[in-house]
Amino acid sequence: MCEYCVQHGAGRRWYLNARNLSKELATSDLVRDFAVPYFSRSSALGPDGFSSRQERAARPIRPGEKEAVFNRYRSYLHHQVITTEEVVQILGLSSNQTEDHERSVVRFPCICRHTSIGKEKVLHCFGIAFTHLYTRRFPYYLGGRHEYLSPDEAVEIITKMAEDERVVHAVSAVGVPYAGMICNCDMDVCHPYLHRVRLGIPEPFHKGHYVTSVDEHRCTGCGACEEACPFGAIVVSPTIGAASVDADSCYGCGICGRICPEGALRLQEGERKSGF
Ligand code: SF4
Ligand code: SF4
């Protein structure tokens, strides 16, 4: 259980605590006060030219930058990797809301792709429940580039996206622990992840609760998982002819398990040396 779950999970994972999809949190002024300027700044920025992980990593760290990023994420932004199955569970919680607009999902362009590579037409981010607040709060960013879905439609789309595009799902909370935003990340342009890597602090992009393990009896050493892992956590040993996972590098995204042709990879509750 991570620190955020201890604070906000009421005994379970924070994003599976139904209270964290409540109207009270969705309508909190804190969400508006933090998210509106963030989206406003980002929509004004547009593509900033830092299009690759390598270019971003090479930028020198300015004095005080690490502390500023630490404080910003620590106080009002929480991004955390979750599996496709957990996304479906969150969407299931939203299905219990009573009104249509409380249950619906809004799909809109990813702000990281927008501000790094200018990819605006593809709708990758999902706002869950109370979606009318998105269109009311961020009209300048959305600019009509969004669509409403039912939870069932969202499950179908997100499952296909996970299979076809190998995106990393993350649940994001802004200002309050409202679990109503699902990102589908490309690790080459994801701002929070690149902050984490560049500054060497976990706060901008937390790992998930799982770690993958390999069943060596099933593994044929084909290398598909090594090629697919966005975090470089798997290597296939030429001597033993099987894959092995560096648990400390694994973010628990579940991508490898979906593509292994032998069913040799399993997600398990994570024991991490360096926390989240
Ligand atoms: S994809 Fe599966 S079979 Fe292939 S190397 Fe990875 S664990 Fe082994
Ligand atoms: S080893 Fe598998 S679960 Fe872990 S980060 Fe890589 S793809 Fe994701």
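Residues: numbered from 1 along the sequence shown. Computed from heavy atoms alone, side chains included, the values below leave out hydrogens, waters and symmetry copies.
- No side-chain heavy atom of Val235 sits less than 4.5 Å from a side-chain heavy atom of Asp246.
- Once rounded to the nearest 0.5 Å, the distance linking OG of Ser172 with CD1 of Ile82 reads 8.5 Å.
- For the residue pair Cys253 and Pro230, the shortest heavy atom distance occurs at SG-CD, 4.4 Å.
- Contact check for Met181 versus Phe126: no side-chain heavy atoms found under the 4.5 Å cut-off.
- Note on Ile234 and Val211: separate hydrophobic clusters, where clusters join Ile, Leu, Val, Met, Phe, Trp and Tyr whose side-chain heavy atoms are under 4.5 Å apart, directly or indirectly.
- Side-chain atoms of Lys207 come within 3.5 Å of backbone atoms of Asp248 as a donor-acceptor pair (strictly under, hydrogens ignored).
- Val214 and Tyr210 end up in different hydrophobic clusters when Ile, Leu, Val, Met, Phe, Trp and Tyr side chains are linked at under 4.5 Å.
- Relative ring orientation between Tyr178 and Phe130 is described as tilted, the plane-to-plane angle lying within the 30° to 60° band.
- Using a cutoff of 4.0 Å between basic side-chain nitrogens and carboxylate oxygens, Glu85 and Arg258 are not scored as salt-bridged.
- Applying the side chain to side chain donor-acceptor pair (under 3.5 Å) definition to pairs two or more places apart or across chains, those involving residues 211-220 are Ser213-Gln268.
- By the rule that hydrophobic residues join a cluster once side-chain heavy atoms approach within less than 4.5 Å of another member, Val69 and Ile61 end up as members of one cluster.
- Closest of all the heavy-atom pairs between Cys219 and Ala243 is SG-N, 3.3 Å.
- Contact record, Leu194 with Asp188: CD1-O, 3.6 Å, taken as the closest heavy-atom pair.
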Verdict with supporting geometry, His146 and Arg107, side chain to side chain contact (heavy atoms under 4.5 Å, CB included): CA-CA 5 Å; His146 63 285; Arg107 192 158 77 119; over 6 Å; no

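- For the pair Glu3 and Arg74, the salt-bridge criterion is met [side-chain N within less than 4.0 Å of a carboxylate O].
- Taking 4.5 Å as the limit, some side-chain heavy atom of Arg72 sits within range of a side-chain heavy atom of His195.
- A donor atom on one side chain and an acceptor atom on the other are not found under 3.5 Å apart for Thr83 and His169.
- Interatomic distance, Asn17 CG to His8 NE2, rounded to the nearest 0.5 Å: 10.5 Å.
- Figure legend: Arg12 and Tyr4 shown without cation-pi pairing, the cationic atom not lying both under 6.0 angstrom from the six-membered ring centre and within 45 degrees of its axis.
- Between Cys185 and Val167 there is no side-chain heavy-atom pair separated by less than 4.5 Å.
- Using a 4.0 Å cut-off between a side-chain N of Lys or Arg and a carboxylate O of Asp or Glu, Glu203 and Arg196 do not qualify as a salt bridge.
- Side-chain atoms of Leu91 and Ile128, non-hydrogen and from C-beta on, do get closer than 4.5 Å to each other.
- If you chain together hydrophobic residues whose side chains sit under 4.5 Å apart, Val245 and Val168 never meet in one group.
- Closest approach of Cys125 and Cys110 over heavy atoms only: SG-CA, 3.5 Å.
- Rounding to the nearest 0.5 Å places SG of Cys5 at 10.5 Å from NE2 of His206.
- Side-chain contact between Gln80 and Trp14 is present, with at least one heavy-atom pair separated by less than 4.5 Å.
- Remark: side-chain polar atoms of Glu156 are not paired, donor with acceptor, to backbone N or O of Glu153 under 3.5 angstrom.
- Interatomic distance, CD1 of Ile182 versus CE of Met161, reported as 11.5 Å (0.5 Å rounding).
- A 4.5 Å side-chain heavy-atom check between Glu86 and Gln89 finds at least one atom pair inside the cut-off.
- The side-chain contact (heavy atoms from CB on, under 4.5 Å) check on Arg166 picks up Glu227, Ala228, Ile255, Ile259, with sequence neighbours excluded.
- The CD1 atom of Ile90 sits 9.0 Å away from atom CD1 of Ile158, with the distance rounded to the nearest 0.5 Å.
- For Tyr193 and Phe231, the gap between ring centers is short of 6.0 Å.
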Derivation of the side chain to side chain contact (heavy atoms under 4.5 Å, CB included) call for Lys66 and Ile201: CA-CA 8 Å; Lys66 192 168 175 173; Ile201 51 175; 3.6 Å; yes

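- Residues Phe205 and Tyr73 form no side-chain contact, since every pair of their non-hydrogen atoms from C-beta on lies 4.5 Å or further apart.
- Leu265 and Val236 fall into different hydrophobic clusters, defined by Ile, Leu, Val, Met, Phe, Trp and Tyr side-chain heavy atoms under 4.5 Å apart, directly or through other members.
- Here the two rings, on Tyr76 and His78, have centers that are 6.0 Å apart or farther.
- Considering SG of Cys190 and CG of Asn184, their distance stands at 11.0 Å, rounded to 0.5 Å.
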